[in-house]
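First comes the structure, then the notes that go with it.
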Amino acid sequence: MDKVIDVPDLGVPRIVIVGGGFGGLELVRNLKKTDFQVVLLDRNNYHTFQPLLYQVATAGLEPDSISFPIRKLFHGFSNFYFRLAVVQKVDIEGSRVLTDIGELKYDHLVIASGSRTNFFGDEKIKYHCMPLKTVVQSLQLRSLLLQNFEQALQTKDLQERSALMNFVIVGGGPTGVELAGAISELKKYVLPVDYPELDVRRMEVHLVDAGDRVLNALSPKSSQSSQKYLKKLGVILHQNTFVTSYDGEVATTKKGDQDGVIYSRNLIWSAGVEGNSPKGLDASLITERGNRILVDEHSKVLGQENVYAIGDVASMKTKDYPNGHPMVAPAAMQQATQLAKNFKNEVKGKEKEPFVYKDKGSMATIGKNKAVVEVGSFKSSGPFAWFIWMFVHIMSLLGMRNKSIVFINWFWNYLNYDRSNRLITNRFSKEERKQMRDQGKAGVVI
């Protein structure tokens, strides 16, 4: 028998939540002052505001500005317990969760394990590229960027120097677009000052997207505005184009019948995500597209009792969303709120209420005074949209300290374009990253 995680038995129903992302935390908040014991399991002891990871990667923010300790968030919550653990498997028949620190019995299980980078089965690209889903990965990317510029100073080979300075970003969604804009601003305002010996004008930022327009989840008008901003910043757009291979130095692309190559030591993969579904679930419960867990309108896993899934990992198919709801924070938080309400209704003997998603809109920033925002029929682009984007993101951060620090950083950057966090805190190594991934160390899941 596996070691049992030391959590006291309070004699009340135990809800075990896997994952401390937006959905998991929102569920805990909504279960405050209820007759449930709530146990949250996560591989990190902090919550990460993932929409701003790209700013850590491009030296705009430090990681502690977008992260918040989970234990601090729930000070004063009775019947709440947090355990730092990597969930290895769920045992549905035995009503238990198996982790690297032991097993834990549950009365209700909520899987809120979020998403992970989708490499579409290409192990070579997975090994050589840089993903961006965790704090560790954002710091690795920052170190790689700066290390390669330092190395560019040491070579006389112009092709090698260009490869060290060139960036290829795969995927034209919000992460890809925002990264391309941020790196282009580094090229324009910061790197020429830091590296006067280099001709930074030779640096290229490529954005490769399989679709015919970036930000295809937004309206064509917003996509067109985004593409205009990217081109103004000097980003080279490759649309209807696939990256077919990457060996760490050369990216091979395909557009129709035409093949191309881009020399770059910096390929960042933001071409898609998939559900981070734990082992132990029947394969019939996992969607082939997106690796998400099939749930009903109450977030209950199909055909299972007392097992639920919310957020990116869950696929609730409806008439309006035949492939499941968008993999965004508002959907996860709304599902968590409704699930908590249904838990309370169950105790009171009331009927469960189905989940109905309310679209809060979409937005993306491409750089200073360059953003697009869509909320219902309202659409905006340019400086006003940029201020809306900035306000929404600051207010979404956890903790007044984080809100204040990010605001001060952004205000300072707005005045002079300076990015003061250009530190190589840990030398990046692909071999070390692979070893950490293979060992399943906390925070390095790619």
Side-chain angles (χ1 to χ4, degrees), residues 1-47 69-113 278-281 285 293 295-311 313-314 332-333 335-355:
M1 182 176 178
D2 292 332
K3 176 184 175 182
V4 177
I5 299 177
D6 186 15
V7 174
D9 185 354
L10 303 181
V12 297
R14 176 185 290 169
I15 299 175
V16 174
I17 304 170
V18 177
F22 291 103
L25 297 189
E26 190 68 15
L27 183 57
V28 175
R29 287 193 192 97
N30 282 275
L31 290 173
K32 184 179 182 181
K33 296 181 180 179
T34 58
D35 293 327
F36 293 102
Q37 180 189 49
V38 180
V39 183
L40 177 64
L41 306 175
D42 196 274
R43 62 172 55 243
N44 299 307
N45 74 333
Y46 56 86
H47 167 77
I70 290 174
R71 292 186 180 277
K72 183 177 180 180
L73 189 63
F74 298 115
H75 282 176
F77 274 53
S78 60
N79 296 353
F80 169 74
Y81 299 85
F82 172 74
R83 293 295 181 266
L84 188 70
V86 177
V87 173
Q88 299 170 331
K89 185 180 180 181
V90 295
D91 176 11
I92 303 298
E93 290 186 3
S95 297
R96 60 182 186 150
V97 178
L98 307 180
T99 78
D100 62 336
I101 63 170
E103 67 173 44
L104 185 65
K105 286 276 190 177
Y106 64 81
D107 295 296
H108 303 277
L109 173 64
V110 181
I111 302 171
S113 46
K279 295 180 180 179
L281 293 172
L285 298 174
I293 303 170
V295 299
D296 65 15
E297 59 187 358
H298 303 117
S299 294
K300 187 164 72 73
V301 178
L302 297 185
Q304 305 298 315
E305 290 298 325
N306 301 327
V307 182
Y308 304 82
I310 59 174
V313 76
M333 296 170 73
Q335 288 173 356
T337 301
Q338 186 61 54
L339 180 57
K341 186 176 181 181
N342 283 335
F343 278 138
K344 297 172 189 176
N345 285 343
E346 186 176 358
V347 171
K348 297 174 183 177
K350 295 182 178 179
E351 288 289 325
K352 292 182 179 180
E353 298 177 15
F355 172 72

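Note that the coordinates shown come from a computational prediction; the quantities given were computed from them, not determined experimentally.
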Discussion item. Quick check for you: to the nearest 0.5 Å, what is the distance between Arg71 atom CZ and Leu40 atom CG?
Written reply: 9.5 Å
Worksheet item: Does Phe355 reach the side chain of Glu297, with side-chain heavy atoms less than 4.5 Å apart?
Response: no
Worksheet item: Which of these passes side-chain contact (heavy atoms from CB on, under 4.5 Å) with Gln304: Leu285, Val295, Ile293?
Response: Leu285
Worksheet item: Does any non-hydrogen side-chain atom of Asp42 lie less than 4.5 Å from one of Phe82?
Response: yes
Fill in: Asp107 CG: over 12 foreign heavy atoms closer than 6.0 Å
yes
Worksheet item: Is there side-chain contact between Leu281 and Ile111, with at least one heavy-atom pair below 4.5 Å?
Response: yes
Which atom pairs, donor and acceptor, lie under 3.5 Å between side-chain atoms of residues 9-28 and protein residues at least two apart or in another chain?
{"residue": "Asp9", "atom": "OD1", "partner": "Gly11", "partner atom": "N", "Å": "3.0"}
{"residue": "Arg14", "atom": "NE", "partner": "Gln37", "partner atom": "OE1", "Å": "2.6"}
{"residue": "Arg14", "atom": "NH1", "partner": "Lys105", "partner atom": "O", "Å": "3.1"}
{"residue": "Arg14", "atom": "NH2", "partner": "Pro8", "partner atom": "O", "Å": "3.4"}
{"residue": "Arg14", "atom": "NH2", "partner": "Gln37", "partner atom": "OE1", "Å": "3.4"}
{"residue": "Glu26", "atom": "OE1", "partner": "Arg29", "partner atom": "NH1", "Å": "2.8"}
{"residue": "Glu26", "atom": "OE2", "partner": "Asn30", "partner atom": "ND2", "Å": "3.4"}

Worksheet, complete the sentence: To the nearest 0.5 Å, atom CZ of Phe74 lies from atom CG of Leu31 at 10.0 Å
Discussion item. Does the plane of the ring in Phe343 sit parallel, tilted or perpendicular to the ring in Phe36? Use 30° and 60° as the thresholds.
Written reply: tilted
Worksheet item: Is Gln88 reaching over with its side chain to a backbone N or O of Leu98, donor-acceptor style, under 3.5 angstrom?
Response: no
Worksheet item: Do Arg83 and Ile101 come close enough that some side-chain heavy atom pair is under 4.5 Å?
Response: yes
Worksheet item: Would you say Lys341's side chain and Asn345's backbone share a donor-acceptor pair under 3.5 angstrom?
Response: no
Worksheet item: Closest heavy-atom contact between Ala309 and Ala314?
Response: O-CB, 3.4 Å
Fill in: Distance, nearest 0.5 Å, that separates CD1 of Ile310 from CE of Met333
10.5 Å
Item to complete: State, to 0.1 Å, how close Ser299 and Gln335 come at their nearest heavy-atom pair, and which atoms those are.
Response: OG-CB, 4.4 Å
Worksheet item: So, Asn342 side chain and Glu353 main chain: donor-acceptor pair closer than 3.5 Å or not?
Response: yes
Practice prompt. Starting at NZ of Lys348, measure out to CG of Asp35 and round the result to the nearest 0.5 Å.
Written response: 10.5 Å
Fill in: Inter-residue atom distance Glu103.CD - Lys89.NZ, 0.5 Å rounding
12.0 Å
Worksheet entry | From NZ (Lys344) to CG (Leu339), nearest 0.5 Å | 11.0 Å
Worksheet item: How close do Pro278 and Val90 get, heavy atom to heavy atom, and via which atoms?
Response: CG-CG1, 4.2 Å
Worksheet entry | Tyr106 and Val307, any side-chain heavy atoms less than 4.5 Å apart | yes
Worksheet item: Does His298 offer a backbone N or O that forms a donor-acceptor pair with the side chain of Asp296 under 3.5 Å?
Response: yes
